[in-house]
Chemist: 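The structure is given below, and queries will be raised subsequently.
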Amino acid sequence: MRRRPESSSTAPDTSAKKSSGTSKTDEEAKLNHGIQIRTARRSGFTWLTLFAVIVYSSWAVYQYQYENLPVPLTAEQAGKRGFSEVAAMKHVKALTELGPHTIGSDAIELALQYVLAELENIKKTAHWEVDVEVDLFHVNVGATRLDSGMFVDRTIIYSDLDHIVLRMLPKYAPEARENAILVSSHIDTVFSTEGAGDCSSCVSVMLELARGISQWAHGFKNSVIFLFNTGEEEGLSGAHSFITQHPWSTTIRMAIDLEAMGIGGKSAIFQAGPHPLAVETFASVAKYPSGNIIFQDIFSSGVINSATDFQVYREVAGLSGLDFVYADHGAVYHTKNDKLKLLKSGSLQHLGENMLAFLLQIATSSHLSKANATVGDIQSSHDTAVYYDILGQYMVIYRQRFANMLHSSVILQSLLIWTTSLLMGGSTAAVSLAFSCLSNILMWIFSISFSVLAAFILPLISSSPLPYLSIPWLVLGLFAAPAFLGALIGQHLGYLVLKRYLSNVYAKRKQLSPAIQADLIKLETERWLFKAGSLQWLVLLVVGTYYKIGSSYLALVWLVPPAFAYGLLEATLTPGRLPKPLKLATLWMGLAIPILASAGQFIKLTTVIIGLSVRFIRHPGGTPEWLPSVGLSLFIAAVICLTLVYLLSYIHLSGAKTSIVLSTCILFALSLAVVFSGIIPPFTEETARAVNVVHVVDTTGGFGEKPNSYISLFSFTPGKFTKEVEEIKEGFVCGRHKAIDYVTFSVKYGCLTYDGTEEGWDESNIPTLDVVKDINGDKRITQVKIDTKRSIRWFLAINTEEIEDFTFNVGLEELVAADGKRSIDGWHTIQASGGKNAPTKFELTLFWLQNSTRRSDKMVQSEQRPLLRIRTDLPGVVTPKVETVLEKLPPWYSLFGKSTSPHTLSFLSSLPIDF
């Protein structure tokens, strides 16, 4: 039999003689047979296009959500029962033509007469089955102390105020008197503005609403009260005096306040509750719903040092309701630029139609009596409302209890998924997660560092530390670009660390070729970075849920869609499946909903922060110039790190890193060049710097025994006066050589001139603090008579390091009892204002602390704080020197007024401890 020859391929003896290295190579070849690793192909052009689309989408969301205003209606188009912006604008025009109308001025009397005449006309033309009552309410004297906010350390005293109150109800349903909805705003303005936005626009909306409601109220189950108050700008006095003294106030079950901290745009809810009935009703009927609990959380945190009448209605009266605010052009707030021509078309129509629909719904509700019956229970149980609008077309709203359940459910599911993933991945997964978290930490550190560094650079290269005020979009190049660059670098460092760790892990397995291992490591690292992005949102959701923060819905929005997209398109439960490059579809699907739900809010918050920068400083010169820019840069860096973390994880494997870094650097460099060159001025005539020019007559003893008078120029906007003073001249010297204590704040940097300051004032207007009785018994008691002379606006600070309590009398009436007072920095302040007939003589009784000693050492006396400090203002008085300075101020300067700032003529005096 013939043998069949053997094939070489089947010769086991030959293959056995091969070296061990060759055997391993053949084994790897068999293991790698059929394995294909698809690398990420993302060009620079693709990424630049992607960035452009994301930026444009965010901008489009903002524009549609906040800039898309309704078309104004004429009176004919609106009809008798509708709302007409054209008609309301006539009221704005009439009120602003009066100029600034502060309490105690002739202009405020004219404004009251105008509003009263319009309401009388409404009464005449109302539906025959509607009962309309108009009341001109006069307040003699009153006092209040609030439990929170900017007035927590002071007692507010008011007198001789006038308000106009309108009540509408069905003529044949007298029971409607017992349950009323209050709609409130203020007629008065600060001395520095005609107040088109704050708040003539609000008053005008109320007038037009009242006209429309007068044709509907015959079908109501509840009455509607419109309050046109005065004194809001001087410590919320109008609201408090109405709530505590007007007989109709006991019938109010819900309060709606209309306010402005800018001019025009969409009037949005920025405070609601505590009972959710009002905001739930608004969300169900508003034609253009606008509001977000983010602003409520920020405002209630005290970050914004401001207050509205809604605080009085909630704290003093225990009412629930809504607080609306106009917030566009925040930089013009309380300046000369709060004027009619900046009021956007459609602004009044937006608020008017929303309010009309809301009032028609709530006034026919049978649940109104419950709106404030359980305010304490609602607050303690946290059953408030979480609300936010989507593109200004639909409002999402749910109770806090539901939010807790929803968030807890998502948290538990997320933790379950992470636990399962870590158990399946073992120690390698746990360490990879740790390094992924490290990449997030590095991302935050570098992003914040780069952005804050840019903020520190600005004062060194610009004439103003806020060069972006006139062109807010400059912050994209000045802060967003370095923040993004820092985030990318920081995460890339974390990426390299994680990749090195995974390289060591894969090297021990020796199952795949080095080339394939390298590709797998990169893909695995990319996925861990993406997943770590959701982890930081999970942490925020846990914290927000624990503290019951309504704004934590943002964490939910940015956690669930990206996680869902990853789970649907990327994740697998098969351990043997090799990773692939992340799909761009995952990114689009994951970011679509978050951008839609929050891009507008982030941009709006940025514009609000920029607007607040104009009046950022509480004590001029007492805050570093760079602080507002640092605060803004921190916010922008935080937004970058939170929202772009998913996007950044895609970049490390792309070929676009160089293009992205170069483009970002160019944007930053161009922005710095624009600032350095001064092509774009930081201030314009419509975005002015907030300044004060005050003729001060000082008798505190710091300058000698005789009264000293000088002109003080200072600003609540960061920056120096060097160039401006050279143009103004008038003998000003600027610096920190002398701090001026205005009782409610101190000026630590400013400009002074003594030239020509002896005219325009009289010594007879200097306030007096006379001790009439000082009893040293078991407890020392001192009685002081206060005479503010011609001033109806004054501020008195009491040294609480020496004084335990006090009483305050107007004539024989004890206005403030000895019931314990709060203080800040050792002072309790009495702030007083009123009309022309407000009292000017008072009696203060001081109760000393037991351990207080009366020191007579003259060396020590000079270092002691005074017992009392007082500042009196003479509203409307402009001395010749102040008038000259005002005429020479640059057009991009504007006087700034607020409840604590001085007018153009102020007197300072004090009473020493050793009187």
Chemist: Under the side chain to side chain contact (heavy atoms under 4.5 Å, CB included) rule, what do Leu319 and Arg314 come out as? Steps first, then yes or no, please.
Modeler: CA-CA 5 Å; Leu319 295 169; Arg314 186 178 56 203; over 6 Å; no
Chemist: Working note: His334 + Ser192, criterion side chain to side chain donor-acceptor pair (under 3.5 Å); need CA distance, chi angles, decisive distance, verdict.
Modeler: CA-CA 6 Å; His334 283 189; Ser192 55; over 6 Å; no
Chemist: Between the side chain of Thr193 and the main-chain N/O of Lys336, is any donor-acceptor distance below 3.5 Å?
Modeler: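 No: the side chain of Thr193 does not pair with the backbone of Lys336.
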Chemist: Between Arg793 (side chain) and Glu234 (backbone), is there a donor-acceptor pair under 3.5 Å?
Modeler: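 Looks like no, no N/O pair under 3.5 Å.
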Chemist: As a quick check of understanding, evaluate side chain to side chain donor-acceptor pair (under 3.5 Å) for Asn229 and Asp309, giving each step before the final call.
Modeler: CA-CA 10 Å; Asn229 72 65; Asp309 284 338; 3.2 Å; yes
Chemist: Got a second to check how far Glu233's CD is from Ile187's CD1, nearest 0.5 Å?
Modeler: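 Taking CD in Glu233 and CD1 in Ile187, the distance rounds to 12.5 Å.
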Chemist: Can Glu802 and Arg865 be counted as an ion pair, charged N to O under 4.0 angstrom?
Modeler: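 Between Arg865 and Glu802 there is no salt bridge, as every charged N stays at least 4.0 Å from the carboxylate O atoms.
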Chemist: Quick check: does any side chain N or O of Ser746 sit under 3.5 Å from a backbone N or O of Lys748, one acting as donor and the other as acceptor?
Modeler: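 Answer holds: no.
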Chemist: What's the separation between atom OH in Tyr547 and atom CG in Asp297, rounded to the nearest 0.5 Å?
Modeler: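 Spacing of OH (Tyr547) from CG (Asp297) equals 14.5 Å.
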Chemist: Rounded to the nearest 0.5 Å, how far apart are CG of Asp198 and CG of Leu258?
Modeler: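 Rounded to the nearest 0.5 Å, the CG-CG separation comes to 11.5 Å.
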Chemist: List the steps, then state whether ring pair (Phe, Tyr, Trp, His ring centres under 6.0 Å) holds for His695 with Tyr710.
Modeler: CA-CA 6 Å; His695 193 143; Tyr710 51 88; 8.3 Å; no
Chemist: Does the pair Asp819/Arg145 count as a salt bridge with the N-to-O cut at 4.0 Å?
Modeler: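 Result for this pair is yes, salt bridge flagged.
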Chemist: Check whether any side-chain heavy atom of Asn692 sits under 4.5 Å from a side-chain heavy atom of Phe716, and report yes or no.
Modeler: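 Heavy-atom side-chain distance check passes, below 4.5 Å.
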Chemist: Does Thr244 use its side chain to pair, donor to acceptor, with the backbone of His240 at less than 3.5 Å?
Modeler: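 Here the side-chain-to-backbone pair exists.
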Chemist: Should His619 and Val747 be marked as a side chain to side chain contact (heavy atoms under 4.5 Å, CB included) after you check the CA-CA gap, both sets of side-chain angles, and the distance that decides it?
Modeler: CA-CA 6 Å; His619 301 281; Val747 174; over 6 Å; no
Chemist: Taking Glu315 for its side chain and Asp147 for its backbone only, find out whether a donor-acceptor pair lies under 3.5 Å.
Modeler: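 Checked: pair present.
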Chemist: Under a 3.5 Å distance rule, please check whether Thr904 uses its side chain to pair with a backbone N or O of Val694 as donor and acceptor.
Modeler: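 Looks like no, no N/O pair under 3.5 Å.
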Chemist: Got a donor-acceptor contact below 3.5 angstrom from the Asp805 side chain to the Gly820 backbone?
Modeler: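 Looks like yes, one N/O pair under 3.5 Å.
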Chemist: Please tell me if the side chains of Ile830 and Ile156 come closer than 4.5 Å, counting only heavy atoms from C-beta onward.
Modeler: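 Side chain of Ile830 against side chain of Ile156, heavy atoms only: no contact under 4.5 Å found.
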Chemist: Is the closest side-chain heavy-atom distance between Thr384 and Ile293 below 4.5 Å?
Modeler: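 Not touching, per the 4.5 Å side-chain cut-off.
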Chemist: Is any side-chain heavy atom of Tyr158 closer than 4.5 Å to a side-chain heavy atom of Val139?
Modeler: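 Yes, at least one pair of side-chain atoms sits under 4.5 Å.
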Chemist: Is a donor from one side chain sitting under 3.5 angstrom from an acceptor on the other, for Tyr313 and Ser184?
Modeler: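 Looking only at side-chain atoms, Ser184 and Tyr313 do form a donor-acceptor pair, the distance falling under 3.5 Å.
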Chemist: Can you check whether Ala180's main-chain N or O pairs, donor with acceptor, with Thr251's side chain at less than 3.5 Å?
Modeler: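 Such a contact is absent between Thr251 side chain and Ala180 backbone.
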Chemist: Can you see which heavy atom on Ser200 is nearest to which on Glu194, and at what distance?
Modeler: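 Scanning both residues completely, I find the closest heavy atoms to be OG-O, 4.1 Å.
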Chemist: When you measure from the side chain of Ser906 to the backbone of Leu874, do you find a donor-acceptor pair of N or O atoms at a distance under 3.5 Å?
Modeler: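 Side chain of Ser906 to backbone of Leu874, a donor-acceptor pair under 3.5 Å: no, none is there.
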Chemist: Go through it in stages, so that I can follow the logic: the residues are Phe745 and Phe714, the test is ring pair (Phe, Tyr, Trp, His ring centres under 6.0 Å), and I'd like the CA-CA distance, side-chain angles, deciding distance and then a yes or no.
Modeler: CA-CA 12 Å; Phe745 65 94; Phe714 61 89; 5.8 Å; yes
Chemist: Calculate, to the nearest 0.5 Å, the distance between atoms NE2 and OG1 belonging to His903 and Thr872 respectively.
Modeler: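 It is 12.0 Å, given to the nearest 0.5 Å.
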Chemist: Given side chains that start at C-beta, do those of Thr623 and Arg618 come closer than 4.5 Å, heavy atoms only?
Modeler: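 No, their side chains stay 4.5 Å or more apart.
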Chemist: Pairs in or reaching into residues 824-845: which pass salt bridge (charged side-chain N to carboxylate O under 4.0 Å, His left out), with residues at least two apart or in two chains?
Modeler: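 Listed once each, the pairs are Asp106-Lys836, Glu109-Lys836.
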Chemist: Taking only Lys NZ, Arg NE, NH1 and NH2, and the carboxylate oxygens of Asp or Glu, determine whether Arg871 and Asp873 approach each other closer than 4.0 Å.
Modeler: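 Yes, this pair counts.
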Chemist: Think Arg689 forms a cation-pi with Phe721, using NZ or CZ under 6.0 Å from the six-ring centre and within 45 degrees of its axis?
Modeler: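 Yes; both conditions hold, so Arg689 lies above the ring face of Phe721.
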Chemist: Which is it for His138 and Leu161 under the side chain to side chain contact (heavy atoms under 4.5 Å, CB included) test, yes or no, and what are the steps along the way?
Modeler: CA-CA 6 Å; His138 180 75; Leu161 299 180; over 6 Å; no
Chemist: State, with a plain yes or no, whether a side-chain heavy atom of Thr155 is found less than 4.5 Å away from one of Thr829.
Modeler: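 In short, these two side chains do not touch, never coming nearer than 4.5 Å.
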Chemist: Indicate whether any N or O donor in one side chain lies under 3.5 Å from an N or O acceptor in the other, for Asp323 and Thr308.
Modeler: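 The criterion, which ignores hydrogens and geometry beyond distance, is satisfied for Thr308 and Asp323.
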Chemist: Would you please indicate yes or no on a ring centroid separation below 6.0 angstrom for Phe137 and His246?
Modeler: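 Distance test on ring centres: under 6.0 Å, yes.
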Chemist: Do the charged groups of Asp774 and Arg780 touch, with an N to O distance under 4.0 Å?
Modeler: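 Judged by the 4.0 Å cut-off on N to carboxylate O distance, Asp774 and Arg780 do form a salt bridge.
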Chemist: Okay, side chain of His828, backbone of Ser823: is any donor-acceptor separation there less than 3.5 Å?
Modeler: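 Answer holds: no.
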Chemist: With side chain to side chain contact (heavy atoms under 4.5 Å, CB included) as the test, would you mind laying out the steps for Leu849 and Ile803 before giving the verdict?
Modeler: CA-CA 5 Å; Leu849 290 166; Ile803 302 302; over 6 Å; no
Chemist: Between Trp848 and Phe915, what is the ring plane arrangement, given parallel below 30°, perpendicular above 60°, and tilted in between?
Modeler: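 If you compare the ring of Trp848 with that of Phe915, the planes turn out tilted.
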Chemist: Could you give me the CA-CA distance, side-chain angles and deciding distance for Phe299 and Phe270, then say whether ring pair (Phe, Tyr, Trp, His ring centres under 6.0 Å) is met?
Modeler: CA-CA 8 Å; Phe299 191 80; Phe270 82 113; 5.0 Å; yes
Chemist: Less than 6.0 angstrom from the centroid, inside 45 degrees of the normal: does Lys821 satisfy that with respect to the ring of Phe806?
Modeler: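 Ring-cation test returns yes.
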